[in-house]
Structure formats: structure tokens, C-alpha cells
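Notes for the one structure printed next.
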Amino acid sequence: MDCSKVQEAGEYNTKMHPMWQGPLVVPGGDRQSPIDIVVRKSVFDSELKPLLTNYDPRTCQQIWNNGYSFLVEYDDTADKSTLEGGPLQDKFRLCQFHFHWGESNAWGSEHTLDRRLFPAELHLVHWNSNKYSLFEEAVMEENGLAVIGVFLKVGKRHEGLQKLVDALPAIRHKGSVVEFTKFDPACLLPTNTDDYWTYHGSLTTPPLTESVTWIVMKQHIEVSHDQVCEVYEVKYFSHGCYQGF
Ligand SMILES: CCCCCCc1ccc(S(N)(=O)=O)cc1
Ligand SMILES: [Zn+2]
């Protein structure tokens, strides 16, 4: 098992988020995400445990287009879809997952590996249900969230993802929501979840709170070119109008 802890974030790429209108520097922002993971600087940590995910597909509720991405939301009113182990001391509840894509395969991921960008990155967002009772509460706390990051590459078709891709035409415009059930997010994890980098960081979009234990998978998953094209069809503006810059 090669669970590496990213010891020094190093000079991270404080990427300007295209929609980011707020202050450019977050007060006390000394653990901002995303970062460039400098592989040779990561330190093996034998204390790290294997990740333990226990997801119940019956907690899957809906998929919606929030204008920045599309996200799949889970019922997080009980410990039914959980994450523990790895660098975590507590149990964390899955509340949603979403992706970060570019407009082309050339870029899209938020984290980089030795400055290498991937076409997309999946984020599975969990909050500390041992310590807090709501996501909105946990998001403000230092040990409130745990996000699993998985890099995507374009290659072979991802069978599990297809159910999600088929739902995208229904949420083509900002603000649209459709019921989306019985989706097991474990199918989006790489086969090897023992090798990962972990560090204490922040949300990568507003409110950028420094409440995230990041767990970035070493192994990427593959999706097909056709599946990526379906994602590019999702528009992040309201029906009928394009809010140009
Ligand atoms: C009180 C509302 C807080 C909404 C926070 C929404 C959010 C979730 C995850 C991520 S990410 N990309 O770091 O996984 C960014 C933002
Ligand atoms: Zn994200």
C-alpha cells in the first residue's frame, strides 16, 4: 500500500476560478486548494489506513446543474453512505459528487500531478458526521469535510458513468434538476484505492473555506470521447440566454 501524504503543498497554483468574483486572497489562506501535487516531494506515511467507503445507492436522490457544474446529491440525513479510514479519524457522510471539466480535453482538472493537467476531475464530497449535524455546519470547520478526488482520462467507455451521461440532456440548462436514483458512486472509484495523496486544504470554489481533508487518488479512471462530448453539451447558463463576459 502506498498511501503518500503530501508533506509540503509547495508553491501551489492559486488558480483564478473563472467565475470567482470575490476577493483574490482569502484571509489566512495558507491551505488553499487546488494544489500541484509534487510527487517526488510526497512522503510515504505508514500510519495511513486503507480507505473504507460504504455507499448505499438507495441514498441517491437527484442530479442538478448549478450553473458551474452538475452534481449528484445524496440523502445525508443518516450514516448510510459513508467514508472512513485513510487519514480520517472520524466517519464522514457522502452528500454529493460533481466533476470539474474544461472546454476541451486539454484541461479541466483542478489538482495537477507534477504540473500535469487532466481533462477532468471527480470530487466526492463528505462531511464529518461524528462531530457535526449538517453539511452547512461542517463546511466551516477545520476537520469538517473529506473530499475524494479522482482524475479522469479520455479512453475506454466507462460503463458505470453511462447512466449519469444519459441523464444529462434533462439538466442541460442552469438550475434544472431531475430525479436520479440508485446510482452507486463506488463505480466511479479506481480499482486501486490504496494509493493516494492526502493533505489539508480548502474548497476549490467559494466559499473556499479551509475545512477539507483532500484524498487524491493516484490511479485515474477512463471515460470515452463520446461520454465527454455529452458532458460538454451541458450548458451553464439559463435556458435561452448566454451570460457572456
Ligand atoms: C454553505 C454552502 C457551502 C457550499 C460549498 C459547495 C462546495 C462543495 C465542494 C467543493 S470542492 N470543488 O472543493 O469539492 C466546492 C464547493
Ligand atoms: Zn469540486
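Order of appearance sets the numbers: ligands from 1, and atoms from 1 within every ligand.
Glu179 contributes no side-chain N or O that, together with a main-chain N or O of Gln62, makes up a donor-acceptor pair within less than 3.5 Å. Using a distance-only test at 3.5 Å, with no hydrogens or angles considered, a donor-acceptor pair links the side chain of Glu137 to the main chain of Ser133. In terms of modelled atom types and a separation under 3.5 Å, the side chain of Glu121 and the main chain of His111 share a donor-acceptor contact.
Partners of Tyr132 under the ring pair (Phe, Tyr, Trp, His ring centres under 6.0 Å) rule, at least two apart in sequence or in another chain, do not exist in this structure. Residues satisfying the ring pair (Phe, Tyr, Trp, His ring centres under 6.0 Å) criterion with His158, sequence neighbours excluded, are absent altogether.
The CZ atom of Phe183 sits 6.5 Å away from atom CG of Leu161, with the distance rounded to the nearest 0.5 Å.
Looking at Lys131 and Asp90, a side-chain N of the basic residue comes within less than 4.0 Å of a carboxylate O on the acidic one, giving a salt bridge.
Ser33 and Tyr199 are linked by a side-chain donor-acceptor pair at a separation below 3.5 angstrom, with hydrogens and angles left out of the test.
For ligand 1, the protein residues within 4.0 angstrom (heavy atoms only) are Gln96, His98, His100, His123, Val125, Val139, Val147, Leu203, Thr204, Thr205, Pro207, Trp214.
Protein nitrogen, oxygen and sulfur atoms, that is N, O or S, within less than 2.8 Å of the Zn ion (ligand 2) amount to 3.
In this structure, the side chains of His123 and Glu110 come closer than 4.5 Å at one or more pairs of heavy atoms.
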